[in-house]
Amino acid sequence: MIYGFASRLGDISFDWESRRCSRLFLEGCGFDDGENPVSVWLSSYFEGHALPLPPIAPPKTPFQGRLRKALLEIPFGETRTYGELARTLHTAPRALGQALGANPLPLLIPCHRVVGANGIGGFSCGIEWKQALLEFERNS
DNA sequence: GTTTCAGATGTTC
DNA sequence: GAACATCTGAAAC
């Protein structure tokens, strides 16, 4: 089931199956029931204080599990570079980018807090979102 | 000092 | 196998 959420930065929608969130899109479609745990989490996030994560689908690969954990340790409003994270996970910077792009849960898993050493890097759902999110977190 | 380039590198599909 | 949301160091200006 696809639900929607209208945030101050744009429309968001997400896939809610079997009482957990399996995918999240940074574009609008679906309706907002306002009671879904993901909607609740999103509204708390956009008020500047994120709650504990709602249930989400398990990682597709073991590496994504490690990546997820590392990303969740980046505090709200801070960023890491691809190189730094690659060193903590004992992997190559480029491999990180590949795995981040394959992440089906942007925002919930804060993949937007990873930037390039020279430049902002990339973002699967549109670079405008990444910039807007980082600016929003900085000013919160 | 700054800019440019090639090579290394691990995960994903 | 090929593609990739990168980094680093060395060489040239």
Side-chain angles (χ1 to χ4, degrees):
Chain A
M1 178 70 194
I2 303 280
Y3 290 96
F5 180 87
S7 84
R8 51 183 289 185
L9 295 182
D11 289 337
I12 298 173
S13 52
F14 54 90
D15 203 346
W16 181 257
E17 297 282 353
S18 319
R19 299 182 57 77
R20 70 192 187 193
C21 186
S22 56
R23 301 220 273 161
L24 189 141
F25 314 91
L26 266 27
E27 56 193 352
C29 60
F31 71 98
D32 186 0
D33 77 349
E35 311 229 334
N36 188 289
V38 182
S39 296
V40 174
W41 186 89
L42 285 172
S43 38
S44 81
Y45 172 83
F46 283 105
E47 283 166 16
H49 55 91
L51 296 167
L53 279 185
I56 55 182
K60 283 207 276 283
T61 67
F63 179 76
Q64 291 214 342
R66 289 199 292 141
L67 175 61
R68 206 176 265 193
K69 191 174 161 204
L71 288 175
L72 291 172
E73 280 172 7
I74 308 178
F76 189 100
E78 286 192 32
T79 62
R80 297 287 179 279
T81 65
Y82 293 95
E84 276 178 293
L85 272 183
R87 274 193 298 274
T88 18
L89 293 176
H90 305 101
T91 184
R94 194 142 186 203
L96 222 86
Q98 183 67 19
L100 284 174
N103 172 22
L105 294 162
L107 251 175
L108 257 38
I109 313 288
C111 52
H112 57 278
R113 296 192 190 134
V114 187
V115 298
N118 292 304
I120 188 165
F123 198 60
S124 48
C125 299
I127 196 66
E128 307 83 20
W129 267 100
K130 185 171 184 175
Q131 288 172 327
L133 288 167
L134 289 177
E135 190 173 340
F136 160 71
E137 292 193 3
R138 252 203 316 276
N139 300 334
S140 290

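Every heavy atom of this structure was used, including side-chain atoms; hydrogens, water molecules and symmetry mates were not. Treat the numbers as computed from the prediction; the structure is a model and nothing was measured.
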**OP:** For a side-chain hydrogen bond (donor to acceptor under 3.5 Å, both in side chains) with A:H112, tell me which candidate from A:Q131, A:K130, A:E137 qualifies.
**Re:**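 The residue from A:Q131, A:K130, A:E137 that satisfies side-chain hydrogen bond (donor to acceptor under 3.5 Å, both in side chains) with A:H112 turns out to be A:E137.
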Restricting to side-chain contact (heavy atoms from CB on, under 4.5 Å), what partner residues turn up for [X], sequence neighbours left out?
{"X": "A:L89", "value": "A:F63, A:R66, A:L67, A:A70, A:T91, A:L96"}
{"X": "A:A117", "value": "none"}
{"X": "A:A6", "value": "A:D11"}
{"X": "A:P93", "value": "A:A86"}

Original post:
So which one's nearest nucleotide on DNA chain B is more toward 5', A:K60 or A:A95?
Top reply: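 Whichever sits nearer the 5' end wins; that is A:A95.
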**OP:** Spell out, yes or no, whether A:V38 and A:F25 are grouped together once hydrophobic residues are joined by side-chain heavy atoms under 4.5 Å, including indirect joins.
**Re:**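 Different clusters: A:V38 never reaches A:F25 through Ile, Leu, Val, Met, Phe, Trp or Tyr contacts under 4.5 Å.
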Is there a residue in [range] whose heavy atoms reach under 4.0 Å of DNA chain C, and which residues are they?
{"range": "residues 98-122 of chain A", "answer": "A:Q98, A:L100, A:G101, A:C111, A:G116, A:A117, A:G122"}
{"range": "residues 61-73 of chain A", "answer": "none"}
{"range": "residues 80-94 of chain A", "answer": "A:Y82, A:G83, A:R87, A:P93, A:R94"}

Original post:
Could you write out DNA chain C as a dot-bracket string, with dots for unpaired bases, | for bases paired across to another strand, and Watson-Crick or G-U pairs counted at under 3.5 Å?
Top reply: ||||.||||||||
Subject >> Test ring-ring contact (aromatic ring centres under 6.0 Å, His included) applied to A:F46 - qualifying residues, sequence neighbours left out >> reply: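 For A:F46 the ring-ring contact (aromatic ring centres under 6.0 Å, His included) partners, ignoring immediate neighbours, are A:F136.
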Original post:
Quick one: ring-ring contact (aromatic ring centres under 6.0 Å, His included) partners of A:F5, sequence neighbours excluded?
Top reply: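 Checked A:F5 against ring-ring contact (aromatic ring centres under 6.0 Å, His included); zero matches.
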Original post:
Earliest and latest nucleotide of DNA chain B, 5' to 3', sitting under 4.0 Å from a non-hydrogen atom of chain A?
Top reply: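 Extent of the interface on DNA chain B: B:dA8 to B:dC13.
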Subject >> Pairs flagged by salt bridge (charged side-chain N to carboxylate O under 4.0 Å, His left out) wherever residues 26-49 of chain A is involved - sequence neighbours left out >> reply: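 Counting only pairs at least two positions apart or across chains, no salt bridge (charged side-chain N to carboxylate O under 4.0 Å, His left out) contact touches residues 26-49 of chain A.
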Subject >> Euclidean distance, atom CG of residue A:L96 to atom C1' of C:dT6 [Å, nearest integer] >> reply: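 Result: 9 Å.
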